[in-house]
K.L.:
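Take a look at the following structure, please.
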Amino acid sequence: MSPLLPSRCGVARSANREPPPYRFPADFLWGTATAAYQIEGTQNDDWAAFEQDVIQHRRFEQLAPGKPRPGHIHRLGDYSEEIRQKKTDFDSRIEDDLAMAAAMGHQAYRFSISWARLFPSPAHTEPDPAGLAYYQRIFAALARGRMTAVVTLFHFTSPAWLWQERAGRRGWERPDALFHWERFVRAVLHHFGEHMPIVCTLNEPMVYAYAGYLDGTFPPLEKRSGPKELVPVVAQLLRAHALSYRLLKEDAARRGKPVSVGIAQHVRTFAPLRNHNPLDRVTAMLIEQAFVWDFLDAIHSGVLRSKVMNVELAIPGLSGTQDFVGLNYYGRFYVKSSWRNPTKFEVLMHDPAQAGSDRPNELGWASYPQGFQEALCEAHNRYYLPIYVLENGTADSKDNDVDRQRLLVEHLRELYLARLQGADVRGYFHWSLIDNFEWAEGFTARFGLIKVDYQNNFQRAPRASAALYTRIIEQSGLDSELLEQFGPWP
Ligand code: IFM
């Protein structure tokens with residue numbers, strides 16, 4: 001192999017015999033992540049319109065958690081108008097929440113800037129001053145706590161007015177969508193560019209495309225006929241990413257400051273439900289490629305090439321527009337196919353036959369820490385770029401949240417082992433700092449290191465995992481005691 005090429009990372013279980021402690025470098029970035037819609041007060045956006053519709057038509061009957069039903073939000077009717085409007089009441093607690101994160105030793109905070117808060121109506125050709133003042137408070141609180149701001153530009157929501165049809169199209173597919181997007185990105189850069197060293201342009205574009213345009217569980221609640229119909233949306237998101245990358249780099253050059261840019265890609269391991277079934281195996285491979293890697297490959301090569309979406313489309317200005325690979329890792333899904341109709345398959349959140357080892361969380365998602373190491377290595381081998389884990393977490397509502405504590409130790413151990421084999425992972429962001437609104441799952445799924453007591457004026461109460469995370473940050477990794485407590489290891 002050429003000495004100029006970085007070495008390939010392979011998942012070597014022998015690395016598991018590495019003796020503790022597992023220490024991370026001093027410049028490894030430890031943080032948490034949130035998103036505007038999930039914690040902030042309501043804005044004039046597509047999700048707020050969806051929520052209103054859900055309430056009006058009472059589409060919130062109790063469903064099984066983890067099985068979102070198109071057009072529904074799980075148990076939304078159980079929560080008062082005040083809670084639905086304020087979400088976590090972050091708006092009046094920005095300073096306290098971020099001071100608490102700083103006191104817990106967090107060094108970074110990932111959050112998103114709401115497009116609708118800056119541009120609430122199409123009449124706004126300039127950003128709304130109140131919206132700017134709001135994010136100013138966040139940047140100021142982060143500066144006080146000496147925390148690095150990691151900004152996400154698009155985290156699932158867009159202004160309601162973008163959904164009025166233009167030339168028969170709406171949302172990202174409108175002919176003027178990129179014009180408006182550019183206006184938003186330029187405004188963010190003009191006002192906050194100075195304080196944005198790491199930027200994530202898009203959060204989980206494939207989740208957005210699948211949930212919004214195939215499953216109908218996220219706005220715009222469409223159920224298109226198949227993955228090929230996602231191409232216009234996916235291609236437009238790639239164009240939006242390429243455009244933001246160029247604007248961010250131009251802004252950084254003007255300021256004489258570097259900026260590191262990437263996206264946050266949702267990662268799952270897709271496993272065949274029946275290992276002996278060749279169709280399950282092939283389908284699982286195809287879905288993983290489509291859901292996890294096609295988008296990142298496109299940014300790498302400049303061409304959206306996908307078997308599942310049946311497309312090969314060059315996107316001008318896209319190639320090489322990521323400085324890091326951002327991954328959000330949440331475990332393993334299972335694929336069950338059918339010979340009678342190979343394009344219709346089921347995706348299971350866990351395997352009912354091995355619930356013991358899958359340890360499904362409160363949403364039924366299987367835990368699979370080993371897949372984390374595999375995904376980090378795969379990302380390294382594909383792109384040879386720095387990696388940030390921009391999300392990792394679980395739904396665990398207990399005060400003594402043992403599942404979240406276990407998840408932290410198990411996943412950080414896998415991250416350490418991936419680094420050992422060459423994956424250049426530079427930071428870890430736990431999802432999430434506080435409990436929040438989990439999209440079609442409503443308020444029921446609790447992902448916070450810090451509990452939000454919705455019945456008690458949104459009071460904050462750190463869960464046991466919050467102290468564990470602080471301990472890990474303070475000692476820059478996992479000590480023998482922790483590894484022993486959560487072992488034995490495979
Ligand atoms: O809450 C979401 C977040 O908005 C995007 N990543 C996954 C999280 C948990 O489902």
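Note that ligands are numbered from 1 as they come in the structure, with each ligand's atoms numbered from 1 the same way.
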K.L.:
Purely on distance, is any nitrogen or oxygen of Asn436 under 3.5 Å from one on ligand 1?
P.N.:
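No, no N or O pair falls under 3.5 Å.
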K.L.:
Under 3.5 Å, N or O to N or O, is Asn328 touching ligand 1 that way?
P.N.:
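No; every N/O pair is 3.5 Å or more apart.
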K.L.:
Looking only at the side chains, is there a donor atom on one of Ser244 and His241 sitting less than 3.5 Å from an acceptor on the other?
P.N.:
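Short answer, no.
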K.L.:
Report the nearest protein non-hydrogen atom to atom 6 (N) of ligand 1: residue, atom name, distance rounded to 0.1 Å.
P.N.:
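I find the closest protein heavy atom is Glu391 OE1, 2.5 Å.
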K.L.:
Can you check which of Trp431, Tyr208, Phe437 brings a heavy atom nearest to atom 3 (C) of ligand 1?
P.N.:
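Among Trp431, Tyr208, Phe437, the closest heavy atom to atom 3 (C) of ligand 1 comes from Trp431.
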K.L.:
Trp365: heavy atom below 4.0 Å from ligand 1, yes or no?
P.N.:
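Checking ligand 1 against Trp365, which is what was asked, there is a heavy-atom contact under 4.0 Å.
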K.L.:
Which option out of His266, Glu204, Glu441 puts a heavy atom nearest to atom 5 (C) of ligand 1?
P.N.:
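Result: the heavy atom closest to atom 5 (C) of ligand 1 is in Glu204.
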K.L.:
Look at atom 1 (O) of ligand 1 and say which protein heavy atom is nearest, naming residue and atom and giving the distance to 0.1 Å.
P.N.:
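I find the closest protein heavy atom is Glu438 OE1, 2.5 Å.
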K.L.:
May I ask you to check if Arg117 and Tyr134 form a cation-pi contact, with NZ or CZ under 6.0 angstrom from the six-membered ring centre and within 45° of the axis?
P.N.:
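Yes, a cation-pi geometry holds between Arg117 and Tyr134.
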K.L.:
For residues Phe372 and Gln370, determine if any side-chain heavy atom of one lies less than 4.5 Å from a side-chain heavy atom of the other.
P.N.:
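No, every pair of side-chain atoms sits at 4.5 Å or beyond.
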K.L.:
Taking distance alone, with N or O pairs closer than 3.5 Å, would you say His155 contacts ligand 1?
P.N.:
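Yes; the residue has a nitrogen or oxygen that sits under 3.5 Å from a nitrogen or oxygen of the ligand.
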K.L.:
Any heavy atom of Asn203 closer to ligand 1 than 4.0 angstrom?
P.N.:
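Yes, Asn203 has heavy atoms under 4.0 Å from ligand 1.
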K.L.:
Cation-pi check for Trp365 against Arg268: NZ or CZ below 6.0 Å from the six-membered ring centre and within 45 degrees of the axis, yes or no?
P.N.:
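Output yes; distance and angle both within limits.
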K.L.:
Counting only heavy atoms not in Lys398, do more than 12 fall under 6.0 Å of its NZ?
P.N.:
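Counting other residues, nucleotides and ligands, NZ of Lys398 exceeds 12 neighbours.
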K.L.:
Step through the shown structure and confirm whether more than 12 heavy atoms of other residues, nucleotides or ligands are within 6.0 Å of NZ on Lys228.
P.N.:
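Buried by this count: over 12 neighbours within 6.0 Å.
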K.L.:
Number the atoms of ligand 1 from 1 as they appear, then name those within less than 4.0 Å of a heavy atom of Tyr330, with their elements.
P.N.:
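Heavy-atom distances to Tyr330 below 4.0 Å select 6 (N), 7 (C), 8 (C), 9 (C).
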K.L.:
Mind checking the CG-CG spacing from Leu327 to Asn392? Nearest 0.5 Å is all I need.
P.N.:
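Interatomic distance, Leu327 CG to Asn392 CG, rounded to 0.5 Å: 10.5 Å.
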